[in-house]
Amino acid sequence: MMQRTLNILAEFGESIRIAVAAIAANRVRSLLTTLGVVIGVTFVVLMGWFLDGLDSAWERTISSLGYEVIYIHKFDWTGRTPWREARKRPPITIRQIRAAIAQLTLAERAYPRGNAWGQTVRSAENSISGIGIIGTTSDNDWEVANSIEAGRFLAPIEDLTASYVAVLGYNVWQELFPNQNPLGQTIFYRGKKFRVIGILKKRGTLISDWGDNAVYIPFRVFQLLHSTNFSNYTLVVKAPSQSLLPEVTEEARMVMRKVRNLAPWEPDNFSINSIDAFEQQVRTIRIAIWGIGIGMTGLSFLVGIIGIMNIMFVSVVERTREIGLRKAVGAKRRAILLQFLIEAALLSTAGAVIALLLSQGAIAGAKFLLFPGDLGFTASIIPPHLMGIALLVAVLVGVLAGFAPALRAARLDPVEALRYE
Amino acid sequence: MNTLIHLENIVREYQMGEEVVRALRGVTLSIEPNEYVAIMGPSGSGKSTLMNIIGCLDTPTSGRYFLEGEDVSDLDDNELAEIRNKKIGFVFQTFHLLPRYTAVRNVELPLIYAGVPADERYERAVAMLEKVGLGDRLFHKPNELSGGQRQRVAIARALINNPSLLLADEPTGNLDSRTGAEILALFDELWRQGNTIILVTHEPHVAQHANRIIHILDGQIQKEESKTSSIPV
């Protein structure tokens, strides 16, 4: 047993030395051979990095919607009810929202929200357009709980008294008050003056930065500034926990049907939007990206395997006499098999190392050029788990590619091999 | 004394397309330890086949081969490799050194497959190279050595694992006559130190070094000559 272990150790060491020498002796050939592996591993790493970034960007983006929150709105955010159809629905009025809020029993909180997109706001010196004005109450504070840079969110009294105060998203205060403290300053919207009471940290990601281009004002003020037939009101309902969301949702649906006087046979004429709907969509997109990625990766690994297998067959033929000699002096089949398997695995691993260097460069470049400061794509080095996967796959590819040539080498007849010219 | 090699009616046939070639047609032969034997014969006589079987590189079609009392006629590839590693040292006409390896690494090779640790391998290889007179060429690669020096490296490699038998196939075939004579003198010396040597050759003056000459013709032993001692150069 001991002797057997020693044998395998000695053979292993010898195999690695042989492999390094053989690869070093044919540098250009080896490099070209590993091209498939290089491309394959680069694909895997870059795709993994991109999806990781996309995931975390997505997570950050939708987490501001709240996992235990539903948004009852005329339109369906994910398009399950076509816009063309949803357009015909009667608007959700403030009266309906107030009536619904009074009837809900299971919700932790329920409050109205109005969104006006594409608005322009100004300060004394600057202006910014394409802004979302969000009219809401102090109940909406959970959304920005961790994002207050300075000041505070809307207070209950400010909604009740319709105070002209505003909380600014990151981009808005950066544009309107560069190098100034915005707190206590005045902004102008629809001809009215608003006092800035709070500013928010950067929240946006590659996917969406609406949160950074938003201005929060009290709901009653929003109501005063927009026409009575404004149809974009939302009822926000927050469940005590995510697990209670289904019951809360069901109650909200019933209450909404009641306040909108729907007969039992009529379908809902409103949409209940939640993170869940978005997540299902994203899951589909993710699967599609993975599918394409795995297909391309698989293809390049196939090329890699064929390349390495081919060169290993050539190598076996070139070294037939060496194999014969090694067998003559006592190398067993196992030793020869190991020798060529290790050479193939090392070749493939060398390819993976090149690929990791390339990917690292690409990731650092992408991080610097495409997503500087993005809150989703935070990793500027290859995540360790991807590095591990890449090396593991490379060894696997090498062993797979090397097996047939190695087996041929191991089975060579020593007499024939020694005589080979 | 135990018989080192005992061959009993060894037959070796090859399938060459449709035809069956009988390279050996029933060879019976015994060799004792510390004999110095030459196997002679023209090309195609079957002497190479006989050498391959004695060297455990090949197995007979029929007949039995006992090496140090052990029946090795039916062993598989891996078992034969182990026998070759432990009991047989080969010296080839074309040296068969690994070109990218230094003399020391070439000599170490059989010890790697015997599982000898690296330090010990190195020490033994150096000692063996000194023994064959190459103490000052340890780290030369084969293309930096003369023909005679290469064959000395090969002999050191053959001896490194203390084999029971040194098997040399035309060891002077690729050397000029003066270098050839030096190599043969080295064999004589090794024989005097107690090694068993089998030389395969077609040159009578090489065979004269042995104390027993076996002539092979058409796959059979044609005749044997015996001498009380070998002829020193």
Side-chain angles (χ1 to χ4, degrees), chain A residues 1-27 30 315 318-340 342-343 406-421, chain B residues 12 14 23 48-49 51-53 55-59 75-102 105-121 141-142 154 156-161 163 167 169:
Chain A
M1 188 60 213
M2 182 67 192
Q3 187 55 42
R4 203 179 147 78
T5 313
L6 275 179
N7 277 352
I8 292 176
L9 274 180
E11 286 164 17
F12 205 81
E14 172 75 1
S15 297
I16 288 177
R17 266 186 307 242
I18 299 168
V20 171
I23 292 169
N26 297 299
R27 281 189 202 88
S30 306
S315 183
E318 282 175 351
R319 283 147 72 187
T320 300
R321 276 159 63 93
E322 175 191 326
I323 295 162
L325 186 269
R326 286 179 186 277
K327 293 194 111 181
V329 301
K332 294 182 181 170
R333 285 186 176 192
R334 179 190 68 207
I336 303 291
L337 190 78
L338 199 66
Q339 174 185 335
F340 283 92
I342 285 177
E343 187 174 326
L407 202 64
R408 177 185 283 187
R411 285 182 175 164
L412 279 177
D413 173 29
V415 174
E416 299 282 324
L418 281 168
R419 218 186 281 148
Y420 186 84
E421 294 296 327
Chain B
R12 183 66 171 99
Y14 295 101
S48 291
T49 307
M51 196 209 76
N52 289 338
I53 286 174
C56 291
L57 288 165
D58 196 5
T59 48
L75 297 186
D76 70 22
D77 225 30
N78 288 330
E79 292 164 330
L80 288 173
E82 203 167 330
I83 298 270
R84 291 195 294 269
N85 184 255
K86 292 201 174 111
K87 300 193 172 175
I88 297 162
F90 291 97
V91 178
F92 301 97
Q93 179 176 2
T94 51
F95 320 133
H96 278 303
L97 299 177
L98 300 185
R100 285 199 292 270
Y101 282 19
T102 60
R105 298 270 338 262
N106 265 293
V107 175
E108 274 184 38
L109 206 58
L111 296 181
I112 286 167
Y113 298 114
V116 175
D119 303 353
E120 188 188 335
R121 288 203 305 255
K141 292 186 176 170
R157 182 181 63 196
L159 293 171
I160 191 74
N161 211 14
L167 204 50
D169 184 10

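The shown structure was predicted, so the numbers you read here are calculated from the model rather than taken from an experiment. Letters A, B, ... mirror the listed sequences (proteins, then strands); counts begin at 1.
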Across all chains, not counting sequence neighbours, the ring pair (Phe, Tyr, Trp, His ring centres under 6.0 Å) partners of B/Phe92 are B/Phe90, B/His96

With rounding to the nearest 0.5 Å, note down the distance linking OH in B/Tyr113 to NZ in A/Lys327.
11.0 Å

Tell me if the CZ atom of A/Phe12 is crowded by more than 12 foreign heavy atoms within 6.0 Å.
no

Heavy-atom closest pair (B/Arg100 atom, A/Ala22 atom, distance to 0.1 Å) is NH2-CA, 4.0 Å

CD on A/Glu416 to CG on B/Asp58, rounded to 0.5 Å:
9.0 Å

Salt-bridged, B/Arg105 to A/Glu14, with N to O below 4.0 Å?
yes

Qualifying residues under side chain to side chain donor-acceptor pair (under 3.5 Å), relative to A/Arg408, sequence neighbours excluded
none

More than 12 foreign heavy atoms under 6.0 Å from CZ of A/Arg411: is that the case here?
no

Compare all side-chain heavy atoms of A/Glu322 with those of B/Pro99 and state whether any distance is below 4.5 angstrom.
no

Applying a strict 4.5 Å limit to non-hydrogen atoms, the region of B/Ala114 in contact with chain A is backbone

With rounding to the nearest 0.5 angstrom, report the CG to CG distance, B/Leu109 to A/Leu325.
6.5 Å

In terms of heavy-atom proximity below 4.5 Å to chain A, should B/Leu98 be classed as side chain, backbone, both, or neither?
side chain

One option among B/Asn161, B/Ile88, B/Asn85 has the most heavy-atom pairs under 4.5 Å with chain A, and it is B/Asn85

Just jot down the side-chain contact (heavy atoms from CB on, under 4.5 Å) partners of A/Ala409, sequence neighbours excluded, or say none.
A/Val316, A/Ile323, A/Ile336, A/Phe340

Within residues 75-82 of chain B, which positions have a heavy-atom distance to chain A below 4.5 Å?
B/Asp77, B/Asn78, B/Ala81, B/Glu82

Return the CD1 to CD1 distance between B/Ile112 and A/Ile18, rounded to the nearest 0.5 Å.
7.0 Å

